[in-house]
Every structure is written in C-alpha cells, then in structure tokens.
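Reviewing the structure listed below.
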Amino acid sequence: MGEKLILPAEVKVCATCSYWDGERQVDEEMKLVVVADECQGHCLVQETNKPALHDVRQECDCIWEDLGPDEVPPAGGGQ
C-alpha cells in the first residue's frame with residue numbers, strides 16, 4: 001500500500017467537495033476519499049482547475065459542499 005495523508009473532516013479540500021470533478025475513489029474499508037498526490041480537478045463553482053489537496057477554508061468565493069453517498073431509493077417502489 002502506498003503512503004496516504006489522512007486529513008480530519010474539518011479540513012475542507014477540493015478532493016472531498018461534491019463540486020470538484022477530479023479523479024478520486026472511496027476506500028470502502030476505511031470510508032475515506034483517496035486521491036493521488038499530484039491529482040488535479042476542475043472546480044465547477046469557480047470554473048478553474050484546483051489541486052486535490054487545495055485547502056478552501058479561506059476562500060470567500062468557494063461554495064464547499066460535503067461529498068456524500070447518493071441516496072438509494074426504497075425497494076419495492078413504495079406502492
């Protein structure tokens with residue numbers, strides 16, 4: 001396993017924002033967002049490229065949003 005930098009949830013970085021379209025995966029065992037060190041993606045809010053580990057806590061024009069799983073519809077259609 002390669003080296004990983006684990007950040008606390010309070011640190012808002014582009015790779016964990018739902019408005020960021022860079023390459024990422026979720027480690028199912030650890031429940032962490034995993035990106036490569038050099039990974040970059042496009043910020044859909046600011047319409048600019050950002051590095052995955054870009055700290056956005058001090059950016060006034062950032063509309064940061066938690067990355068969460070999609071809701072699964074209830075089985076059986078509810079009828």
Side-chain angles (χ1 to χ4, degrees):
M1 177 185 289
E3 290 184 20
K4 293 183 181 179
L5 173 63
I6 298 175
L7 302 173
E10 295 80 19
V11 178
K12 308 302 184 192
V13 295
C14 289
T16 58
C17 177
S18 61
Y19 295 118
W20 184 82
D21 74 349
E23 189 174 326
R24 59 188 163 200
Q25 62 184 14
V26 176
D27 182 317
E28 292 298 330
E29 182 181 335
M30 300 293 290
K31 302 296 186 202
L32 298 171
V33 176
V34 180
V35 295
D37 287 344
E38 68 281 351
C39 186
Q40 294 203 3
H42 192 75
C43 174
L44 303 176
V45 173
Q46 298 181 16
E47 298 183 343
T48 185
N49 283 339
K50 299 280 185 174
L53 297 179
H54 179 69
D55 185 347
V56 298
R57 290 176 292 178
Q58 304 301 319
E59 288 197 22
C60 297
D61 56 348
C62 180
I63 306 176
W64 197 90
E65 183 177 291
D66 283 307
L67 175 67
D70 294 336
E71 289 188 28
V72 178
Q79 294 292 336

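- Separation of atoms CD (Gln40) and CH2 (Trp20) is listed at 8.5 Å; rounding is to 0.5 Å.
- Atom SG of Cys14 is separated from atom NE2 of His54 by 5.0 Å, given to the nearest 0.5 angstrom.
- Taken together through direct or relayed side-chain contacts under 4.5 Å among Ile, Leu, Val, Met, Phe, Trp and Tyr, Leu5 and Val34 form parts of separate hydrophobic clusters.
- Residues Asp27 and Gln25 form no side-chain contact, since every pair of their non-hydrogen atoms from C-beta on lies 4.5 Å or further apart.
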Determine, stepwise, if the pair Thr16 / Val11 fulfils side chain to side chain contact (heavy atoms under 4.5 Å, CB included).
-> CA-CA 9 Å; Thr16 58; Val11 178; over 6 Å; no
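- Counting non-hydrogen atoms of neighbouring residues, nucleotides and ligands closer than 6.0 angstrom, the CD atom of Glu23 reaches no more than 12 such neighbours.
- Although no hydrogens or angles enter the test, the distance criterion places a donor-acceptor pair under 3.5 Å between the side chain of Arg24 and the main chain of Ala15.
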Before giving the answer on side chain to side chain contact (heavy atoms under 4.5 Å, CB included), spell out for Thr48 and Lys50 the whole-Å C-alpha distance, their side-chain angles and the decisive distance to 0.1 Å.
-> CA-CA 6 Å; Thr48 185; Lys50 299 280 185 174; 3.5 Å; yes
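- The two residues Trp64 and Val13 come nearest to each other via the heavy atoms NE1-O, 3.4 Å.
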Apply side chain to side chain contact (heavy atoms under 4.5 Å, CB included) to Cys62 and Gln46, showing your working.
-> CA-CA 7 Å; Cys62 180; Gln46 298 181 16; 3.6 Å; yes
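- Rounded to the nearest 0.5 Å, atoms CD1 (Ile63) and CG (Leu44) are 11.0 Å apart.
- Between the Asp21 side chain and the His42 main chain, a donor and an acceptor come within less than 3.5 Å of each other.
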